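These figures come from a predicted structure and were not determined experimentally. Excluded from the calculations below are hydrogen atoms, water molecules and symmetry mates; all remaining heavy atoms, backbone and side chain alike, are included.
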Amino acid sequence: MGSTVLSLRIDSELLDRLKLHAARRQMSVQDYVVRTLIRDDFDERFKAAVDETEKFYGTGPDPAPSGQDQVRPSAGIA
């Protein structure tokens, strides 16, 4: 997998905050930003997968009426 250059113009306050967060993790600012972007991308893809699963199985944000168990797909996990 190749890499490409991405150039960003950000204000000094944001850069200072990024430097602080990166330093806490003993990372470069570049590594910290890339790691954050990868994590956010994963979070979005995971949420989309959960939404599709809920749509497929017909579950949603509505909780089960009290006294009833809410059944969720277990993927064969007992």
Side-chain angles (χ1 to χ4, degrees):
M1 175 195 267
S3 63
T4 322
V5 174
L6 172 65
S7 177
L8 299 172
R9 185 179 304 266
I10 59 175
D11 67 11
S12 59
E13 289 179 21
L14 178 56
L15 180 59
D16 290 341
R17 288 182 22 219
L18 288 172
K19 286 179 181 178
L20 181 65
H21 288 290
R24 287 181 186 157
R25 291 163 179 80
Q26 298 179 340
M27 302 171 73
S28 69
V29 173
Q30 177 180 343
D31 289 342
Y32 176 76
V33 170
V34 168
R35 182 176 176 196
T36 302
L37 289 171
I38 290 169
R39 184 182 65 231
D40 286 346
D41 180 54
F42 172 79
D43 290 345
E44 288 178 22
R45 288 183 287 133
F46 182 76
K47 182 184 179 321
V50 168
D51 291 345
E52 285 298 314
T53 301
E54 288 178 346
K55 192 184 313 178
F56 179 78
Y57 285 100
T59 60
D62 298 332
S66 60
Q68 291 182 349
D69 290 334
Q70 188 172 11
V71 178
R72 295 226 176 232
S74 65
I77 300 172

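- Separating the NZ atom in Lys47 from the CD atom in Glu52 is a distance of 10.5 Å, to the nearest 0.5 Å.
- A donor-acceptor distance shorter than 3.5 angstrom exists from the side chain of Arg25 to the backbone of His21, with no hydrogens or angles considered.
- Distance CG/Leu15 to CG/Leu20: 11.0 Å, rounded to 0.5 Å.
- For the atom pair Ser12 OG and Lys19 NZ, the distance stands at 9.5 Å (nearest 0.5 Å).
- The existence of a salt bridge linking Asp51 and Lys55 is excluded, since no basic side-chain nitrogen approaches an acidic carboxylate oxygen closer than 4.0 Å.
- The nearest pair of heavy atoms linking Ala22 to Ser28 is CB-O, 3.7 Å.
- By the rule that hydrophobic residues join a cluster once side-chain heavy atoms approach within less than 4.5 Å of another member, Ile38 and Val33 end up as members of separate clusters.
- The same ILVMFWY cluster, assembled from side-chain heavy atoms under 4.5 Å apart, contains both Phe42 and Val50.
- Atoms CE and CG, from Met27 and Leu18 in turn, are 11.5 Å apart once rounded to the nearest 0.5 Å.
- One finds a salt bridge joining Asp41 and Arg45 here, because a Lys/Arg side-chain nitrogen approaches an Asp/Glu carboxylate oxygen to under 4.0 Å.
- In terms of hydrophobic clustering, with Ile, Leu, Val, Met, Phe, Trp and Tyr side chains grouped at heavy-atom distances under 4.5 Å, Leu14 and Val29 are assigned to a common cluster.
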